[in-house]
4 protein chains.
Amino acid sequence: MQTEKVDKKEQIMDAAQSLFAAQGYEGTSVRDICQHAGVNVAMVNYYFGSKEGLFEKMVEHKASFMRGKLEELLKDQELTPVEKVDRIIGIFVERMFSHRDFTLTVTREMSKSKRQSVHEMMAAVFFRNMSLLKQIIEEGIRKKQFRKVDSDLCISTIHGTIANLISAELMLKMLDPDLNRSVNLYEDPSFRKRVIHHLRSVMRHHLLKESN
Amino acid sequence: MQTEKVDKKEQIMDAAQSLFAAQGYEGTSVRDICQHAGVNVAMVNYYFGSKEGLFEKMVEHKASFMRGKLEELLKDQELTPVEKVDRIIGIFVERMFSHRDFTLTVTREMSKSKRQSVHEMMAAVFFRNMSLLKQIIEEGIRKKQFRKVDSDLCISTIHGTIANLISAELMLKMLDPDLNRSVNLYEDPSFRKRVIHHLRSVMRHHLLKESN
Amino acid sequence: MQTEKVDKKEQIMDAAQSLFAAQGYEGTSVRDICQHAGVNVAMVNYYFGSKEGLFEKMVEHKASFMRGKLEELLKDQELTPVEKVDRIIGIFVERMFSHRDFTLTVTREMSKSKRQSVHEMMAAVFFRNMSLLKQIIEEGIRKKQFRKVDSDLCISTIHGTIANLISAELMLKMLDPDLNRSVNLYEDPSFRKRVIHHLRSVMRHHLLKESN
Amino acid sequence: MQTEKVDKKEQIMDAAQSLFAAQGYEGTSVRDICQHAGVNVAMVNYYFGSKEGLFEKMVEHKASFMRGKLEELLKDQELTPVEKVDRIIGIFVERMFSHRDFTLTVTREMSKSKRQSVHEMMAAVFFRNMSLLKQIIEEGIRKKQFRKVDSDLCISTIHGTIANLISAELMLKMLDPDLNRSVNLYEDPSFRKRVIHHLRSVMRHHLLKESN
DNA sequence: CATGAATGAGCATTCATTCAT
DNA sequence: CATGAATGAATGCTCATTCAT
């Protein structure tokens, strides 16, 4: 079946994504992935050529969710720069939380020197999204609506805050024991709201010449 | 003899730290570490019991640099809360940049489900420092000098920004090509100043009721 | 359709022959063969039952070139024994050089203990040709034209010399660097002539009671 | 123990030699070799780096028996060229028969294109011995004791005859059923004598201007 | 306290083959 | 008669660890 085939490849990529997130790339064996995906060990090499090929294809496939909306945002003439930043923060939090396995994996593997090509591919995927944010901030500065902030480091602040919340779940729950109430913190709408509100507040205070 | 032993242990931990940072925990073999440290393969198990034991001891040993100064800071009655935050940002940037191998490793391995005990130990190490920062922020709120901000998420913003700068070096250099000039970005004093200034500015705008 | 099938079978056997010669039986994968033959992986098992079946069928099919002329030679009453030996040497050199891939493969695989049936089949193929040569030599001895030579070992000398030239090409070119001039040594008529002349000379001196 | 260590390496090389001879290089697995040698699978990689490394080291180690005596022979001023050839034939037959596993393996693997370095190493090993024989024949020609024969092809005749007898044992026994009497043909002194006598006779008739 | 040798489990990958269509 | 997908066993090799000294 056509659908069957697609399913197997996707099953493998799904299993890979969650196992890579939980155990890291090297900490996850192909056997592990195939067992979770319910397919034969040889299928990974049959479909993806190698474990590394699977990783690359998985990143490419899963990264697609990030593309699209951001470009529209940039072109929208109706929105003010601060509204754009507000929206971009919302999109980032929603997407990175929804795809936290992917976020975790990419964040972690991006800083390794092994597998240079994968490394660069991931940097490029992120770079694309991040440079849009940079353009929006610089647009705000040009329009004199924003202070002359360090746009590159603003990106690290936004992205770093969200990534940190995902990777340091345990520490976060030690700091705020209330968070243990949520069965799944990142799917809890009130937590998402809290994070979005915090980040928007931080950025508004930082970017706008007169704080609200 | 006594010093010899200590040296070898330290050599192993040094080699482990930099290799774990570059290749990850599972991506680094005990043989690799021992070869870099110039010691016999059996030494790791001899001294540390296991590879995992080495990791744990290495984290404990290398984490010591984080302790000390922060407690003094909290007790210092002369400093205002905002001055404390400024100082703490300076300390964090300097230390995390100086010990970026350690930061990278801990950030990455902290989010793995395997090796639960290590996981918890690392969270505890970080928690200790982070909760001091939290106390300072809440002290500022109590003294009506700060807005009623989300202190837990402020910690993620500070820590996440710095960690992001360390782990996403490649993407950062794609955003700001000027950074390629530095041979070693994280040792470059002007870059450190830039980061500290950005973070202090972000936090001051966010925390203080009237922006400077 | 009918021709298509035959073509595909032959394509597979052709690819198999040259790959087995270059890499050995075990060193060549069914996928390799099918890729070179431009057919589906499953075709080998479909047509030949198994890789071993392909090997057997290929040997049988390719061995046909050896049959035919030799029987006529034996029956020819006009030719003297020494003329028959001369001719047989010519035929062997021409054929073994022209089909050096086959010669190489058979020579190599004949001495393996695995795949007993293949082993015996190949020995039988060769035995058939070699026993004709033996009969001719013994005819010469009977007719008192030849010395009482060791006919079995004469066969090894003729066959072994030619086979050695094919399998030790590299060493041969080290001994006589002039041979590097030929792009394809075994297709070079002057080299063939040289080998035929050498072998005829060796055998004439050995067989004939008075050397020419 | 010092002796123990040497023993294990040698045990592995011994097992490798006989299995490579029986099944070919690719047809023999490292597990197979280690099982026969009574050692752990990892020892091959520990001692020899890889299967290929084992092959190379084994060839180098086992080839040593060929060196030594031949050089002495060349220098011996007392012996006439024909006596030298007689002796060299005796030495070759004795050694190649005694080390028929090695002979078989090298003959077979020498003609493969994979593993180029091994290929060249083996050609060099053989070349060394064969070029000595060439020098002796050319010395005989220079001294007008031999005909102007093709010295390069004479080498193929001598080496090829012996190699053929080793690799085509089955066909040989079909030609001369008497040979089935010997439990181990190649260790049977009468067969060795027969082969030596044949080859000396062939070469004497071919080389000497007046046949005996 | 130190080490080279050794181990067995596990790794990613490839194999010849078979299956469903 | 033909095929792309799938399989389980085997491949060479590396791993963290242990052992004998």
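Naming convention: chains lettered A, B, ... in sequence-line order (proteins, then strands); numbering from 1 in each chain.
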Tell me: CG of N45(C) to C1' of dA16(E), nearest whole Å?
6 Å
Using Watson-Crick geometry (N1-N3 plus N6-O4 or O6-N4) or G-U wobble (N1-O2, O6-N3), each under 3.5 Å, dC1(F) is paired with none
Value in whole Å for how far the P atom of dA2(E) lies from CG of D7(B)
11 Å
Taking dC15(E), dA2(E), dA6(E) as options, the one with an atom nearest any side-chain atom of Y47(B) is dA2(E)
Taking the six-membered ring of Y25(A) as reference, does the cationic atom of K51(A) (NZ for Lys, CZ for Arg) lie under 6.0 Å from its centre and within 45° of its axis?
yes
If dT14(F) has a Watson-Crick or G-U wobble mate with both distances under 3.5 Å, name it; if not, just say none.
dA9(E)
Using whole Å, report how far CD1 of I12(C) lies from C1' of dA16(E).
14 Å
N/O donor-acceptor pair under 3.5 Å between K62(B) side chain and M13(B) backbone:
no
For DNA chain F, whose closest nucleotide is more 5', that of Y25(D) or that of V44(B)?
Y25(D)
Return yes if the base of dG10(E) and the side-chain atoms of R31(A) contain a donor-acceptor N/O pair under 3.5 Å, otherwise no.
no
Side chain to side chain contact (heavy atoms under 4.5 Å, CB included) partner of M43(C), chosen from V41(C), N45(C), N40(C)
N40(C)
Which residue lies toward the 5' end of DNA chain E, T28(C) or D32(A), if each is placed at its nearest nucleotide?
D32(A)
Taking T28(D) for the side chain and L19(D) for the main chain, is one N or O donor matched with an acceptor at less than 3.5 Å?
yes
Using heavy atoms to find the nearest nucleotide of DNA chain E for A42(D) and A42(A) separately, return the residue whose nucleotide is more 5′.
A42(D)
Grab the CG-C1' distance between L54(A) and dT13(E) for me, whole Å please.
14 Å
As a test of reading the structure: which of dT3(F), dA6(F), dT17(E) is closest to the side chain of M43(A), going by heavy atoms?
dA6(F)
Would you please confirm or rule out a distance under 4.0 Å between OP1 or OP2 of dA6(F) and any side-chain N or O of K9(A)?
no
Atom-pair distance (OH on Y46(B); C1' on dT21(F)), nearest Å:
13 Å
Report the nucleotide, chosen from dT17(E), dA16(F), dA5(E), that has the shortest atom-to-atom distance to any side-chain atom of K51(C).
dT17(E)
Specify the separation, in whole Å, of atom CD1 of I33(C) and atom P of dA16(E).
8 Å
Using the closest heavy atom to pick a nucleotide of DNA chain F for each, name whichever of G49(D) or V39(A) lands nearer the 5' end.
V39(A)
Distance in angstrom units between N40(C) CG and dA6(F) P, rounded
14 Å
Would you kindly give the CD-to-C1' distance between E52(C) and dT17(E), to the nearest whole Å?
14 Å
So which nucleotide from dG12(F), dT7(F), dA2(F) ends up closest to the side chain of S29(D)?
dG12(F)
Can you see which heavy atom on Q17(D) is nearest to which on T105(D), and at what distance?
O-OG1, 3.9 Å
